[in-house]
Amino acid sequence: MGGGTHQTSVEGRGASGVYTWEEVQKHSQRGDQWVVIERKVYNVSNWVKRHPGGHRVITHYAGEDASDAFMAFHPDQTFVRKFLKPLLVGELAPSEPSQDHKKNAALVNDFRALRDQFKAEGLFRTSPLFFCLHLGHILLLEALPLALLMSFLSFLIQSQAGWLQHDFGHLSVFKRSRWDHLLHKFVIGHLKGASAHWWNHRHFQHHAKPNVFKKDPDINMLNILVLGNVQPVEYGIKKLKHLPYNHQHQYFFLIGPPLLIPVYFNIHIFQTMIQQRDWVDFAWYLSYYIRYLSCFVPFYGVFGSFALLMCVRFIESHWFVWVTQMNHLSMDVDYEKHDDWLSMQLKATCNIEQSFFNDWFSGHLNFQIEHHLFPMMPRHNYIHAAPRVKELCKKYGIHYEVKGLWEAWCDIIRQIQSQGRDSPGS
């Protein structure tokens, strides 16, 4: 099959190689990484550092079939394939299945057919009016007189701007991704004081491998919490007890929702921009603070303005944590299982009941299943995709879970409490 003869081949040479899945899976280590996209085998070992979406998201698929992830994240696949062409080292042997790790070929094909149907029906096309109105209501709130009313509305502006930057970050608004990138930097940088590249590199990992230990940064709890059914047992075997995990459902309220954005995210964003020398994002980041201070210091002084900012971040952080974790934290959390795209996303994700309030409050992330399956689909179309996604899941016996808003929030605490009881020292 020629796996050994091509192990040291340089990008663009030896493109006629034929490989088995076993041979491809050997190339999954740092510095030696291959991926398969639509049966074509690519050596991305040197490309990962130049990948605009960050090197980790590709690394998570090293030695695997990355076809569905590739199609989920790249709007202009013809353009992207120009970069893939010199990385080609061969293709899968004719005797090899298109799916690795004994995935259900019928399920994979039916999911891809559904995605193609949605594209043909225009569900990946944006309603300009929807996003213009959404951006307009944020800018209107920003333009209100700078008095107590404005101070009160600041956390509302930040939260809604957070959902809007999420749309631009997923390239789900414009036909040309360059406009999404530009507006993403404006909203997350100038309106929110954060970094677009930091968000991209972190968030795409979450979408590529949701709730997978060592691959999804959203479940990297820095030994503060233990999650899933496996981690508490693992900590018990290794006799790890950094905190009283049997009380984690209680101290979660003190260090989770209140501190994520004002402390952890703020430090990590600044640190990332400096380490990566991302001066473009840093300029957008500074523009937020220059605008904020010039508006509020004359009214509240330096200390008062800083206190107001921390108060806004504190409230926004609660909003963000409860919305983003209600779909994931109570779902399956485990190490890599090499599931197909549909099964992997449904294991880690649930929906919240649809209503006008839930749509607005969560930025349509109450349709988290559809968002994870089709991250570039404009959010106003999730409601149209959901019934057929549910039908596909029913066909293959995959649980499609929908919860009430309050139920989902309570499940977060119940799950954390249950996992804490199974941890060492409980």
Side-chain angles (χ1 to χ4, degrees), residues 73 75 122-146 149-200 202-204 207 261 265 269 280-281 283-292 294-296 309 312-313 315-317 319-320 323-324 354-368 370-371 374-385:
F73 298 137
L123 293 188
F124 283 83
R125 287 201 294 268
T126 295
S127 166
L129 179 62
F130 175 88
F131 287 104
C132 285
L133 290 175
H134 193 74
L135 177 60
H137 100 281
I138 294 172
L139 295 178
L140 179 63
L141 292 173
E142 284 277 4
L144 288 175
L146 298 174
L149 178 63
M150 180 62 181
S151 304
F152 173 76
L153 291 175
S154 292
F155 77 92
L156 177 63
I157 297 166
Q158 287 298 302
S159 295
Q160 289 300 316
W163 307 144
L164 184 60
Q165 69 82 22
H166 181 263
D167 297 313
F168 291 126
H170 276 294
L171 312 180
S172 64
V173 180
F174 294 98
K175 290 182 179 179
R176 295 182 178 273
S177 59
R178 70 178 68 175
W179 289 106
D180 280 301
H181 288 305
L182 178 60
L183 267 293
H184 189 213
K185 288 183 180 295
F186 170 76
V187 176
I188 197 173
H190 185 67
L191 297 184
K192 289 190 60 60
S195 163
H197 280 155
W198 168 84
W199 184 90
N200 286 339
R202 180 185 178 90
H203 194 64
F204 290 155
H207 270 269
I261 289 179
F265 275 6
I269 288 168
V280 173
D281 274 16
W284 282 107
Y285 170 86
L286 285 180
S287 75
Y288 167 80
Y289 285 97
I290 292 171
R291 177 176 60 85
Y292 174 85
S294 64
C295 289
F296 286 101
L309 178 61
V312 169
R313 296 294 195 212
I315 299 173
E316 178 199 2
S317 188
W319 192 335
F320 174 82
V323 168
T324 58
Q354 192 275 331
S355 70
F356 177 81
F357 175 79
N358 287 351
D359 292 350
W360 174 84
F361 183 75
S362 68
H364 288 83
L365 294 182
N366 51 326
F367 288 97
Q368 191 75 236
E370 287 68 35
H371 172 58
F374 315 106
M376 292 188 298
M377 180 181 286
R379 59 161 131 151
H380 52 74
N381 287 332
Y382 295 157
I383 193 171
H384 305 299

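What you see is a predicted model; the values in this text were computed from it and never measured.
- In this structure, the side chains of K185 and F168 stay at 4.5 Å or more apart for every pair of heavy atoms.
- Between the side chain of Y285 and the backbone N or O of I269, no donor-acceptor pair lies under 3.5 Å.
- Once rounded to the nearest 0.5 Å, the distance linking NE2 of H134 with CH2 of W360 reads 9.5 Å.
- Here the CG atom belonging to D180 is positioned 10.5 Å from the CE atom belonging to M376, to the nearest 0.5 angstrom.
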Query - Test side chain to side chain contact (heavy atoms under 4.5 Å, CB included) applied to H181 and R176, step by step - result: CA-CA 9 Å; H181 288 305; R176 295 182 178 273; over 6 Å; no
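- Inter-residue side-chain proximity for F374 and N381 is flagged as unmet; no heavy-atom pair is nearer than 4.5 Å.
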Requested in this report: Start with the C-alpha distance between H184 and W199, add both sets of side-chain angles, then the distance that settles ring-ring contact (aromatic ring centres under 6.0 Å, His included), and finish with yes or no.
Outcome: CA-CA 10 Å; H184 189 213; W199 184 90; 5.1 Å; yes
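- A donor-acceptor pair is defined here as one N or O able to donate and one able to accept, closer than 3.5 Å; such a pair exists between the side chain of S172 and the backbone of D167.
- Checked by atom type and distance alone, the side chain of Q160 never pairs as donor or acceptor with a backbone atom of F361 at under 3.5 Å.
- Here OG of S362 is found 12.5 Å from CZ of F320. Values are rounded to the nearest 0.5 Å.
- Side-chain atoms of N358 do not come within 3.5 Å of backbone N or O of N366 as any donor-acceptor pair.
- A donor-acceptor contact under 3.5 angstrom links the side chains of H166 and H371, judged on distance only.
- Under a 3.5 Å cut-off, the side chain of H207 and the backbone N or O of P375 do not form any donor-acceptor pair.
- Here the CZ atom belonging to R202 is positioned 13.0 Å from the CG atom belonging to N200, to the nearest 0.5 angstrom.
- Side chains of L191 and I138 form a contact here, defined as non-hydrogen atoms less than 4.5 Å apart.
- Across C132, P128, S127, a single residue satisfies side chain to side chain contact (heavy atoms under 4.5 Å, CB included) together with F130, and that is S127.
- In this structure a side-chain-to-backbone donor-acceptor pair under 3.5 Å is present from K192 to Q158.
- Atom CG in L365 sits 10.0 Å away from atom CG in D359 (nearest 0.5 Å).
- Looking only at side-chain heavy atoms (C-beta outward), F174 and T126 stay at 4.5 Å or farther from each other.
- Heavy atoms from other residues, nucleotides or ligands lying under 6.0 Å from CH2 of W179 number 12 at most.
- Here the side chain of W319 pairs no donor or acceptor atom with the backbone of L156 at under 3.5 angstrom.
- Contact detail for I188 and S195: the closest heavy-atom pair is CD1-O, 3.6 Å.
- In this structure, the side chain of D281 does not engage the main chain of G189 through any donor-acceptor pair within 3.5 Å.
- In this structure, the side chains of R379 and H170 stay at 4.5 Å or more apart for every pair of heavy atoms.
- Side-chain contact between W198 and F265 is present, with at least one heavy-atom pair separated by less than 4.5 Å.
- Across F73 and L171, no two heavy atoms sit closer than the pair O-CD1, 4.5 Å.
- The CZ atom of R291 sits 8.5 Å away from the CZ atom of F296 when rounded to the nearest 0.5 Å.
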